[in-house]
Amino acid sequence: MRVDVVTVFPDYLAALDLSLIGKARQAGLLDLRVHDLRDWTTDRHRTVDDTPFGGGAGMVMRPDVWGTALDDVLGDDGHLVVPTPSGEVFTQRHAEALATEEHLVFACGRYEGIDARVAEHYRASGRRVSELSIGDYVLNGGEVATLVMVEAVGRLLPGVVGNPESLVEESHGAAGLLEYPVYTKPPVWAEHEIPEVLLSGHHAKIARWRRDRALERTATRRPDLIAALDVAALDKHDLAT
Ligand SMILES: Nc1cc(-c2ccc3cc[nH]c3c2)n[nH]1
């Protein structure tokens with residue numbers, strides 16, 4: 001997969017050189033390119049913004065500069081992703097769908113955002129365009145949201161995560177449940193013991209206990225997910241035993 005990120009703060013994306021995503025890039029699993037939007041400006045001051053039509057506070061990012069940048073970067077196959085607080089909320093389902101794409105281009109806005117005609121233009125020219133929010137809170141720009149989405153998508157690419165099994169039982173995985181609590185050595189820490197079933201070696205009971213804890217956590221912390229629960233995806237064996 002190729003991922004392009006266009007931003008006025010390229011250094012913000014340095015975190016993508018680290019850890020799993022960094023290793024995926026070195027292994028050639030992820031071709032990530034970060035671009036400075038100002039490289040497409042034509043004036044001496046490398047201006048990317050202007051005052052908003054209709055008045056109001058702040059500045060808006062210019063469509064002409066974004067248009068020349070995205071015409072260069074999108075190529076024939078790019079799927080444009082625009083982080084925005086006014087977008088559809090990004091979920092694991094979005095991550096799974098984006099992970100099937102060949103080429104993603106993230107347009108990181110700043111100021112009051114990017115001129116609305118930019119997303120409209122590429123949608124009208126038949127491109128896939130996703131305006132996505134990473135949650136109901138306001139950031140200062142699209143870079144942090146892009147870091148979140150690139151990590152969530154990148155880790156789903158084949159070969160990136162060592163043990164693909166670990167992708168199955170995560171929170172928001174196939175069954176739509178939150179993850180069960182996890183424990184490791186020592187068996188007693190600060191007078192806190194481990195749930196006995198986890199020491200039993202009885203795999204079916206352990207699986208059932210984990211499923212029960214995941215359901216309990218989901219019902220308690222995210223009752224909204226219970227309504228959307230895909231019962232068919234739950235391992236019927238666990239629930240039956
Ligand atoms: N979920 C979320 C996205 C954003 C966001 C995204 C882009 C820009 C550009 C200027 N401010 C921005 C904020 N805030 N919160």
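Numbering of ligands and ligand atoms starts at 1, following listing order. Everything numeric here is computed off the predicted structure, so don't read it as measured data.
- Under a cut-off of 6.0 angstrom, the local environment of OH in Tyr12 is sparse, with at most 12 non-hydrogen atoms contributed by other residues, nucleotides or ligands.
- More than 12 heavy-atom neighbours from other residues, nucleotides or ligands sit within 6.0 angstrom of CG on Asn163.
- Looking at Ala145 against ligand 1, nothing comes within 4.0 Å, counting heavy atoms.
- Ligand-side atoms of ligand 1 in range of Val138: 14 (N), 15 (N), range being under 4.0 angstrom from any heavy atom.
- Numbered from 1 in the order shown, with element, the atoms of ligand 1 that lie under 4.0 Å from a heavy atom of Ser133 read 1 (N).
- A donor-acceptor pair under 3.5 Å links the side-chain atoms of Thr7 to the main chain of Phe9, judged by distance alone.
- In terms of protein heavy-atom proximity, atom 4 (C) of ligand 1 is closest to Pro85 CD, 3.5 Å.
- Annotation: atom 14 (N) of ligand 1 to nearest protein heavy atom, Leu139 N, 3.0 Å.
- Checking only distances, Gly135 does come within under 3.5 Å of ligand 1, N or O to N or O.
- For ligand 1, the atoms lying closer than 4.0 Å to a non-hydrogen atom of Gly109 are 9 (C).
- Thr41 places no side-chain N or O within donor-acceptor distance of the main-chain N or O of Asp43, the cut-off being under 3.5 Å.
- For Glu151, the CD atom is loosely surrounded, since the number of other residues' heavy atoms within 6.0 Å does not exceed 12.
- Contacts classified as ring-ring contact (aromatic ring centres under 6.0 Å, His included) and involving residues 112-165 (residues at least two apart or in different chains) are not found.
- Of all protein heavy atoms, the one lying nearest to atom 10 (C) of ligand 1 is Tyr111 O, 3.3 Å.
- Remark: side-chain polar atoms of Ser171 are paired, donor with acceptor, to backbone N or O of Glu179 under 3.5 angstrom.
- Side-chain contact, Asp76 with His103: no donor N or O sits under 3.5 Å from an acceptor N or O.
- Between Val65 and Arg38 there is no side-chain heavy-atom pair separated by less than 4.5 Å.
- With a 4.0 Å heavy-atom cut-off, ligand 1 is reached by the backbone of Asn140 but not by any atom from C-beta on.
- Remark: among candidates Ala107, Pro83, Gly113, Ser86, the nearest residue to atom 7 (C) of ligand 1 is Pro83, based on non-hydrogen atoms.
- Counting heavy atoms under 4.0 Å from ligand 1, residue Thr84 touches it through the backbone alone.
- Protein heavy atom closest to atom 1 (N) of ligand 1, with residue, atom name and distance, is Ile134 N, 3.0 Å.
- In this structure, the protein non-hydrogen atom closest to atom 2 (C) of ligand 1 is Tyr137 O, 3.7 Å.
- Only the backbone of Arg110 comes within 4.0 Å of ligand 1, judged by heavy-atom distances.
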